[in-house]
Amino acid sequence: MKKHLLLALFSGALGLLMINCNPKTDQRTMTESVQVQPKGTITVTTFGKLPDGTSIPQYTLTNNQGMTMKVIGYGGIITSLTAPDKNGKLEDVVLGYDSLEGYVAKSPYFGAIVGRYGNRIGKGKFTLDGKTYTLAQNNNGNSLHGGPAGFDKRVWTIEAYPVDNGTAIKLTYLSKDMEEGFPGNLQAEVIYHLTDKNELKISYKATTDKKTIVNLTQHTYFNLSGNTKTDILQHELMLNADKFVPVDKTLIPTGELKDVSGTPFDFKTPTAIGARIDKDDAQLKAGGGYDHCWVLNGPDDSLKLAGTLHDPATGRVMSVHTTEPGVQFYSGNFLDGSITGKFNTIYNKRYGLCLETEHFPDSPNQKNFPSVVLNPGEVYQTQTVYTFSVK
Ligand code: BGC
């Protein structure tokens, strides 16, 4: 029941205090505010306790524009993120709950880090070096988002992370050999960096001691209306992709990479999400709307534009850049009004959308998709940047 103040660093005139909270031992309510930049701060409070008594901290990061991001140790969940509208009004642009109980009881991955494998693996099976691994089938006979107890339900250790611009935290989690059926002890690290340019830079890293597969992503549901006033059907989306990944009825890729031209999947120019979502189209029917991976134009492995999202009503714009080859655009089709979230809002169908940057679904079983294999000695490293502006 101890908070460890690990170290205090001084760089020039700027004081930087690193806090390491051990969730297993920390029973106290924590409230700590430290100045990490001239105007950026990190505050730590207790968000709640898991049924086993584990205390879950919430870190609030504030940049010098007043933008704030709140992150909890459970699932590395982004519980809140504010962004200015065209009048400079800061409002929350992500879905979630006010309390930990909500996230634990029922959450369609709100704000969470998803791993070891973002999206689906067909029949929950894959083969490495001739050995077949079987994962739990938690979605129509397939494995989804790392299984029933994926990274979104694990307790991550959080500490402040030193940066020159804005504020940042580092989250770490050791996924044990064969956890949820995946081989190898996987040491995962995620850095959330809120810059003073209103960017959220997310850097993922992982290493393993046995050959394995890995595909980490972030499952935040965005709604740029601010404090979730309406659904996302009027948001205009542009996706920098000439092709997408068609799926079967259980949302497993058919293996084809299909040209978006002439289909409701063509977002090469900004288009309202609601404009074609209910069209009579077999792929839209399979997903109940958009729930597909787009194949991003531009080089794999280097930062490139994935897309932009614009809410004409508030002027908020979010652009997404990533080193990943794909982005899963999920239009919140399975939200059904059964969840009441922050601001007492009932999350009806399509009240939020996800832009999950990642490798393509079912890559371990698709020989033509970019590889998701990680070998011992290699470092898995990807980056995604969400930038907020107005127009
Ligand atoms: C998937 C959806 C799924 C959702 C979970 C998305 O990433 O593509 O099919 O329902 O996550 O809420």
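Atoms within a ligand are numbered from 1 in the order they appear, just like the ligands themselves. All values below come from the heavy atoms of this structure, side chains included, with hydrogens, waters and symmetry mates left out.
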### Query
Is the closest heavy-atom distance from Tyr221 to ligand 1 below 4.0 Å?
yes

### Message
List the residues meeting side-chain hydrogen bond (donor to acceptor under 3.5 Å, both in side chains) with Gln218, not counting sequence neighbours, and say none if there are none.
### Response
Tyr192, Thr220

Just need the protein heavy atom nearest to [atom], so name the residue and atom and give the distance.
| atom | value |
| --- | --- |
| atom 10 (O) of ligand 1 | Phe334 CD1, 3.1 Å |
| atom 11 (O) of ligand 1 | His219 NE2, 2.7 Å |
| atom 7 (O) of ligand 1 | Glu356 OE1, 2.7 Å |
| atom 5 (C) of ligand 1 | Tyr109 CD1, 3.6 Å |
| atom 3 (C) of ligand 1 | Arg120 NH2, 4.0 Å |
| atom 8 (O) of ligand 1 | Asp291 OD1, 2.5 Å |

### Query
Mind checking whether Ser175 and Arg154 have side chains closer than 4.5 Å, heavy atoms only?
no

### Task
Side-chain contact test, heavy atoms from C-beta onward, threshold under 4.5 Å: evaluate it for Arg276 versus Phe265 and give yes or no.
no

### Query
Which part of Asn119 is near ligand 1, with near meaning a heavy atom under 4.0 Å away: side chain, backbone, both or neither?
side chain

### Message
Check this for me: does any side-chain nitrogen of one of Asp278 and Arg350 sit under 4.0 Å from a carboxylate oxygen of the other?
### Response
yes

### Query
Which pairs, with at least one residue in residues 295-328 and sequence neighbours excluded, count as a ring pair (Phe, Tyr, Trp, His ring centres under 6.0 Å)?
none

### Message
For Lys304, I'd like to know if atom NZ has over 12 heavy atoms of other residues, nucleotides or ligands within 6.0 Å.
### Response
yes

